[in-house]
Structure formats: C-alpha cells, structure tokens
Undergrad: 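Here's a structure for you.
Please read these numbers as outputs of a predicted model, since none were measured by experiment. Below, read A as the first sequence line, B as the second, and so on, with proteins coming before strands; counting in each chain starts at 1.
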There are 2 protein chains.
Amino acid sequence: MARDLQERIKKLIIDQRLPSGSPLPTEPELMERLGVSRNSVREALKALQAMGIVEIRHGFGTYVGPMSMAPMIEGLTFRTVAGHYRGEDSLLQLLELREAVETGLIARLAGSIPAADLADLDALVDRMDAEAAGPDGAVRAETDRAFHAALYRCLGNRLLGEVLEAFWDAFHRVRTDLVDVPQDPKVTCRQHREILDAVRSSDVLRAERAIREHFGNIRVRLSAPASTTVPHPSYDR
Amino acid sequence: MARDLQERIKKLIIDQRLPSGSPLPTEPELMERLGVSRNSVREALKALQAMGIVEIRHGFGTYVGPMSMAPMIEGLTFRTVAGHYRGEDSLLQLLELREAVETGLIARLAGSIPAADLADLDALVDRMDAEAAGPDGAVRAETDRAFHAALYRCLGNRLLGEVLEAFWDAFHRVRTDLVDVPQDPKVTCRQHREILDAVRSSDVLRAERAIREHFGNIRVRLSAPASTTVPHPSYDR
DNA sequence: AAGAGTCAGCTGCTCTAACCAACTGAGCTA
DNA sequence: TAGCTCAGTTGGTTAGAGCAGCTGACTCTT
C-alpha cells in the first residue's frame, strides 16, 4: 500500500504536468485527497524525496523536485563504499563505467565542439597547470570536474551531463575517503591537454586514445597500491 | 535531523561490514539505539529503501538491500516520463546515454569475448529471427534485453551490467508507455547479427560502426514520428 | 510616513500510544 | 508423525498532540 501511495503521488505530478519547482499539496491536503493518515503520506514523501522526485522544505511546503541525478550519487557512493569494504573492486568498476561513457562520447565531440567551449577548456587546463605549480602541488578536484563537465556540455544532453557528473562525484568521494591515490599533477595536466588538443584537431582516434590513456592512468594508480585502503575511517557522509 | 538518521543507519551497515541480506536491527531496537521515535526510524528506513540500501519485509524484518540499480530505474523512468510530457526530448537523451556507454564498451569486447558468450549471443539472435518470423512478427523486448546483457557479461563488471540494464529498462518502459515506435523486425535482427559478427571477428571499428548504426536506427524511428506521442495515457507504474 | 520588530498562521517535523497485518515457530491435536 | 492452531515477533497504519521553521500582516517606533 505504501508503494501504491508513492505511485499515486507520482501520478499526480505526471497527470497535472507539474514542472520542477511546482508546489505540491500540503500534507493535510494529501491526507484527505489520498484517504490515508498523515504518517503514511510522510513516509511516501520521504521515499520520493530520496529518489529526487519531490523536494521538501521545512515550514514552507513540498515541491516537485529538480529531477537531478543527486540521489543516484548517494546510492552509488554507498554501494561503492560498501563493496570496497567487502573486498570488491567496486571503485575500479565505477572507473570503468566512467571510462566507457566518456570514450563513447568523445568521438561525437571531436570536430563539432564550439570555439567557446574550447576556450573554456583551455582556461581550465591552464588553471590545472597553475595549481600543479602552485603551493599545494596538486590539481584541485573541482578543476578536474569542471574540465570533464565542460567537455561534454556542447552535446546539449542534460541527462548525459548529470549522469557523468554523478559518476564523477561518487568516484571522487569514495576515492578521497577510502584510498590514498598517488597523483602526479604534471601527468594529469599533460593528459587533459592532450584530450583537448585531440578534440580541437578533430582527430577522433587520437581523442579516444587520449581518453583511454587518461583513465588507464587513474586505473593503474588505483589497482597498484591495493593495500593503501584505509582500514576504518568511520564512514560518515 | 532526518537526514542525519539515514546517515547513522548507513554508517551502521558500513561499520559492521554487513553484506547484502544481513538482518538489520528491528524498529524498536533502532529506536533505542538511535534515541528517536519509531516514526522517525521508519521514515529513515523508507528513504533508504527507496535508495535500495535497505530491504523491508513485512512481518519478517529489515535487511541490507541488494545494492542494485533498481531505484535508479524508478527515478530515471519518472524523470524521462515527466520530461517527455513537458515537451523535452528526454527519451532521446536516454537513448544517447545508452549509445555512449555501449559504444565505449564494444571496443574492449571485440576479440576478447569468450566462446561461450558468443554461443549464447548466437542463440539469442536466432531467437530474434524466429520471433520476427513468428505470429507476432516482432522481436520480443526481453530478447533484445538479453542480447545486450549477454554482450557485456564477460567484462566481469557487475556495476556496468546493472547500469546498462537500468538504462535499457527505463528506456523500454517509457517507449512502451508513451511512444508508438514503428519497428522493422528484420532490420532489428540484421543489426544485432552484425554487431555479433563484428565482435566475433575482433573487428573493433566494424563493431563500433554496428553499434552506432543500431542506435542510429532507433534514434531515427524515435525522432521522426514526433507526433505519435500518446497524449495522456494516465501514467501508472 | 517609513522602517523595524512582533505575532499569528501556515508549513513540515517529531513524538507517543494504540491497533492491524504478515510471518514464524512452538505446542497441541488428530 | 502430520497437520493445525495459536501466541509472539516484526513491520504497517492510524490518531492526536506538541515542536520548529517560515511568511506576511500588523503594530510600534522613529
């Protein structure tokens, strides 16, 4: 029945064509309209919130959610962390997934990427260089994220961008928490530059090779020090 | 605080290294251990259930979930349906996502796929032929799904398989419910056969082309009859 | 008259207490 | 021994009360 309740609320959103951000009926209203107690309404809304379908703001109201992939990040992160602790190569599997998607996309990109995006990517690689040469001696994670996001922006596929972002996010969170991956910032910079140059010169094969090399690099750094797993960092996220 | 509760339960699972299927404390136990009311415990569990982290069985107990991508299917399906109704090309975006992943994977497959899997794939394409020539004159969806699943099985990446399955599932559900896509079963069979043969002969480029052609075919059938959108099939799933 | 502070009213959040429904397993009956 | 019954456990649902965050109108001060 609780399952059914969620479906009825979803149906409400679909049938009324409510866009993201639209206000949903209040809890008392839903109680009456659906003929269930307040508690059941709340449990259904909580589940929908966990799926990103609904957004609840205390003292304000309930709204149609942004339909983002954020809940997927949560689930994926947890799954990867749990698998990692059980000795599975879940982090590597996540990396392979990212590699598959980006490899499959880069071909469509080479040659058709707008000049404006190329300029943004140039600026990002420059920033990477600066950060690598800076006081920390490492490329900031956010810069790497921005590069990969900017790369596929021109495809005009919102879902694609969000899924890639979700994968990146889950991967990064787990890597940061659990594994001490040695980084060579210069190599990182060089590889991103190579990807960018390949895409700029419309060289599909070179672009694919560059992407594979980039991920292959991460993969090696990931598998090699299998013993650097943090034993018990008291997972809290 | 509700957010915090979920995290504490997740932490419980992680810290105790509980594998999928392990029993979790009962609701009264969680009440006591976490110092909150039963209601709050239940709402947190509901949310975790929606994320696939926890599995609740009435009259039996609560267990660590299978960590499958099932909740992602729900979310993705809803998101795609909602987007479709709002006039977005969400179904096309989903298809592009599938195409990107499979295109990126096929290269790693060509040449390294075991003979046993090739045999399975042969049998599946044969079944497609039989179904196309059968009374329905159409390839069963389940057969198509099985083909794509069997294709990537040998990569030994559980996450990959599940994500692909999730994408396939969401796509198929939305397509079935919302859009009347004309099918030519013979073309479908031929394209799957081509993919299989290309992979068998270790011809990477041919395999990539075959995959792209397969998806390109679906894409065309999807974009062309933009007017066949079912106006209001009273979404219920 | 204009601004800031206050309060009433919405909203969602949490708790308590009770009963319903599904499942298990021990004990009883045939 | 085989099957049934019933008590105990677990999650599912309802009800009612009070708490907490936000909004907007009202009032008091300047």
Undergrad: I'd like to check the salt bridge (Lys or Arg N to Asp or Glu O under 4.0 Å) partners of E165(A); sequence neighbours left out, ordered by chain and number.
TA: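 For E165(A), the residues satisfying salt bridge (Lys or Arg N to Asp or Glu O under 4.0 Å) (neighbours in sequence not counted) are R145(A).
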
Undergrad: Mind listing the closest non-hydrogen atom pair of P185(A) and A138(A) along with its distance?
TA: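 Here P185(A) and A138(A) meet closest at CB-CA, 4.1 Å.
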
Undergrad: Can you run down the ring-ring contact (aromatic ring centres under 6.0 Å, His included) pairs that involve residues 22-42 of chain A, sequence neighbours left out, and say none if there aren't any?
TA: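 Applying ring-ring contact (aromatic ring centres under 6.0 Å, His included) to every pair that reaches into residues 22-42 of chain A, excluding sequence neighbours, yields nothing.
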
Undergrad: Within a radius of less than 6.0 Å around CD of E142(B), do more than 12 heavy atoms belonging to other residues, nucleotides or ligands occur?
TA: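 Enclosed: over 12 neighbouring heavy atoms sit under 6.0 Å from CD of E142(B).
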
Undergrad: Under 6.0 Å from the ring centre and within 45 degrees of the ring axis: does the NZ or CZ of R98(B) meet both conditions for the six-membered ring of F167(B)?
TA: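 Negative - R98(B) is either too far from the ring of F167(B) or too far off its axis.
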
Undergrad: Starting at the 5' end of nucleotides 4-18 of chain D, put B wherever the base has a protein heavy atom under 4.0 Å, S where only the sugar-phosphate does, and a dash everywhere else.
TA: ------BBBBBB---

